[in-house]
Amino acid sequence: MDSVTKRYPDGTVAVDHLSLEIPDRAITVLVGPSGCGKTTTLRMINRMVEPTEGTILLDGDDLGRQPVTTLRRSMGYVIQNAGLFQHRTILDNIATVPRMIGWGKQKSRERAAELMERVGLDASLGKRYPYQLSGGQQQRVGVARALAADPPVLLMDEPFSAVDPVVRKGLQDELLRIQDELGKTIVFVTHDIDEAIKLGTMVAVMRTGGRLAQFAPPAELLSDPADEFVEDFLGADRGIRRLSFFPSAGLELTRGPVVRADAAGAPPAAAGAPYLLVTDADDRPLGWARPEDLTAGSVDAARLLSHGRPFVPGTDSLRAALDCAVLSPAGWAVAVNDGGRVTGVVSQQTIAEAIRAAHDRTAAQETPGAGSADVTKVAP
Amino acid sequence: MNVLNFVNAFFSDSAHWHGYDGIPQRLLEHVQYTLMALGLATAIGLPIGLLTGHTGRGGNAVAFVATAARALPSFGLLVLIAVVVGIGLLPVMVPLVILAIPPILVTTYEAVRSVDPSPVDAARGMGMHEAGILFRVELPVALPLVLSGLRSAAIQVVSTATIAAYVSLGGIGRYIIDGLYQRDYEKVVGGATLVAALALVTLGLFWAAGRFAVSPGVRRR
Ligand SMILES: Nc1ncnc2c1ncn2[C@@H]1O[C@H](COP(=O)(O)OP(=O)(O)OP(=O)(O)O)[C@@H](O)[C@H]1O
Ligand SMILES: [Mg+2]
């Protein structure tokens, strides 16, 4: 998008000289306060809205070079509340674009069934009508319908904003998984900065009046907000959120204060530790206990202190590790492997050192010109 | 003598079941007038209603035309046209068509306009042509209301088509008018009963059409 402006007939300037280079096969998120022109920007990409000034190029060609319906058929479009056709079954809803571009009925239906599976919908829902589905399921149908003809581009306007936080998280994870598999070019509009940071490869923060405040990968947004507006918009705990981008793989774990419930007494290695982590015979964490309570006899489950939510080194981020340490009264985080068995514990101090080291590493990387490249993302 | 006796006498008189003034013949004529008027009114009102409803433009004009048409008295129009062009089908059809257009036009316009905008937006965004949006997205959802407009037009035409008898045409109106002239109240009541029965049949037909044509996803059953 090159210096694109949209002025509505009533004089409202919704988008003001916006220039953006949207990367291929990645998720670009447009985020900003209500009324800042996100929807208008998105709808200029499929020409539901025509820009007043400026040009939009798609792979180097002006958008206007092909008929508008051809353009739109090459872009999936997902809106808030899904916008399903209530007179059509779920399968027929999803098969809309394939049917429109002349696929046979059978082939379209098969494709629709395949997509239902891809977005995590049970095949038995295919014969139902939209009113028989929950909001979250409808939203999945909306995504499936947009993907049906395998368009290279996907435009999504606050697709998950009408569902509850748990369902939203599920939909977000699903989108990331689908994106991993299909590698679409996605432009995603939201007013939720957490959603932007979670989903975006690149995030464009817009300010009221339709101007671009910052266009950067989420990690850079969190570490270097361009100005006060962006900083405010990111919210108070951006330091903590930034930890989502630091891997927990390098943390040094210790098995010292870990004891099995069936092995009586504290292991000698744990001498002096204020708390011991008790595990069951399968190495699954049970909770923290004081050494004197343990040596006194058998484990009394009631005396165990909560161990917080364990983290998986390598998969989870430093944010998850820190969260676990802060949650546990002992001040230690419990590390487990994929199977949920304890691999060790780590203290707040060790995590704090890891955070400092990670900051030093990114500072070193941010030599001029190398700033934004190759940020690997870890699940928060 | 009460009304039921009239009805009974009218329908049990075998002379009323044969010939050019028999019930089958008069019913057939009545149905013909009705279908013709309804067909013409639909051909005019439905496309205009669909188009104005889809574009959202011309709403004021639709409301104006409908109000003006409703203000015209059917019987007065019949007499006026009969005086101008003479007796025939035309003086009957014009008032009936004008009577039927407003409910069809206004309900169709409102029905299409009140369709939830988000599926329409989604359809347009996926590259559907405007005609496709109107006929495959808006109309199926607006159909119950559109049908209800057609239904009230049909009921009004069924009962008003009796005026055809005033210009020497047939239809059930013959019994009512002839009956009044001949002071044969059995005939008048019998004719009125036939009109009422035809109206009920019309209701039944529209109910069946709704069951058949409206998607279960719209009916929510
Ligand atoms: N059709 C229109 N005519 C006139 N003004 C419009 C029109 N559509 C949007 N606007 C105005 O343009 C501005 C940007 O609107 P837009 O819908 O792009 O905002 P948004 O960022 O998507 O907001 P939200 O988060 O609330 O959806 C707003 O001030 C809005 O009132
Ligand atoms: Mg919006």
Side-chain angles (χ1 to χ4, degrees), chain A residues 39 42-43 45-49 66-101 127-133 138-139 141-143 145-149 151 153-159 162, chain B residues 46 49-50 53-60 107-108 110-150 206-221:
Chain A
T39 297
L42 189 78
R43 287 163 71 92
I45 300 174
N46 65 0
R47 295 183 57 202
M48 298 281 278
V49 171
Q66 46 183 327
V68 68
T69 47
T70 315
L71 175 80
R72 288 177 188 164
R73 286 169 194 189
S74 72
M75 297 179 171
Y77 184 49
V78 189
I79 56 177
Q80 199 183 335
N81 297 320
L84 300 183
F85 305 136
Q86 48 165 305
H87 61 288
R88 292 192 185 170
T89 61
I90 301 308
L91 270 183
D92 288 342
N93 259 282
I94 300 174
T96 305
V97 182
R99 296 284 291 142
M100 213 157 64
I101 59 177
K127 293 242 181 307
R128 291 206 194 170
Y129 287 93
Y131 78 96
Q132 295 165 312
L133 261 54
Q138 292 194 20
Q139 213 46 263
V141 178
V143 174
R145 186 176 63 179
L147 289 169
V153 178
L154 209 55
L155 306 177
M156 310 180 84
D157 193 351
E158 306 204 22
Chain B
L46 194 67
L50 288 174
H54 174 70
T55 59
R57 266 175 291 207
N60 287 336
T107 7
T108 305
E110 289 296 343
V112 175
R113 241 182 61 108
S114 60
V115 169
D116 179 8
S118 63
V120 176
D121 193 59
R124 193 167 285 131
M126 64 178 73
M128 202 179 274
H129 291 289
E130 291 303 309
I133 294 175
L134 176 56
F135 289 107
R136 277 185 236 125
V137 179
E138 291 175 316
L139 188 55
V141 177
L143 198 56
L145 261 180
V146 172
L147 281 177
S148 85
L150 284 170
F206 273 96
W207 179 82
R211 291 298 307 225
F212 177 73
V214 177
S215 153
V218 176
R219 275 193 275 127
R220 311 221 147 181
R221 246 180 280 138

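Values below: all heavy atoms of this structure, side chains included; hydrogens, waters and symmetry mates excluded. Note on naming: letters A, B, ... go to the chains in the order of the sequence lines (proteins, then strands), and numbering restarts at 1 for each one.
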For a quick check, list the donor-acceptor atom pairs closer than 3.5 Å between chain B and chain A, or say none.
residue: B:D121; atom: OD1; partner: A:R43; partner atom: NH1; Å: 2.8
residue: B:D121; atom: OD1; partner: A:R43; partner atom: NH2; Å: 3.1
residue: B:D121; atom: OD2; partner: A:R43; partner atom: NH1; Å: 2.9
residue: B:D121; atom: OD2; partner: A:Y77; partner atom: OH; Å: 3.1
residue: B:R124; atom: O; partner: A:R72; partner atom: NH1; Å: 3.4
residue: B:G127; atom: O; partner: A:R73; partner atom: NE; Å: 3.0
residue: B:G127; atom: O; partner: A:R73; partner atom: NH2; Å: 2.9
residue: B:R136; atom: O; partner: A:H87; partner atom: NE2; Å: 2.8
residue: B:S215; atom: OG; partner: A:H87; partner atom: O; Å: 2.9
residue: B:R221; atom: N; partner: A:Y131; partner atom: OH; Å: 3.2

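- Annotation for A:P151 and A:G76: closest pair CG-N, 3.5 Å, computed over non-hydrogen atoms.
- Looking at every heavy atom in both residues, A:A82 comes nearest to A:G142 through CB-CA, 4.4 Å.
- Annotation: side chain of B:V218 is not in contact with side chain of B:L143 (no heavy-atom distance under 4.5 Å).
- In this structure, B:S148 and B:T107 approach most closely via the heavy-atom pair OG-CG2, 4.2 Å.
- Contact of B:P117 with chain A is not made at all, since no heavy-atom distance falls under 4.5 Å.
- The heavy-atom pair separating A:I94 from A:A148 by the smallest distance is O-CB, 3.1 Å.
- The nearest pair of heavy atoms linking B:G49 to B:T108 is C-CG2, 3.7 Å.
- Using a 4.5 Å cut-off between heavy atoms, A:M75 touches chain B through its backbone atoms (N, CA, C, O) alone.
- Scanning all heavy atoms of the two residues, the minimum distance from B:V141 to B:V137 falls at CG2-O, 3.4 Å.
- For A:I79, the part lying under 4.5 angstrom from a heavy atom of chain B is the side chain only.
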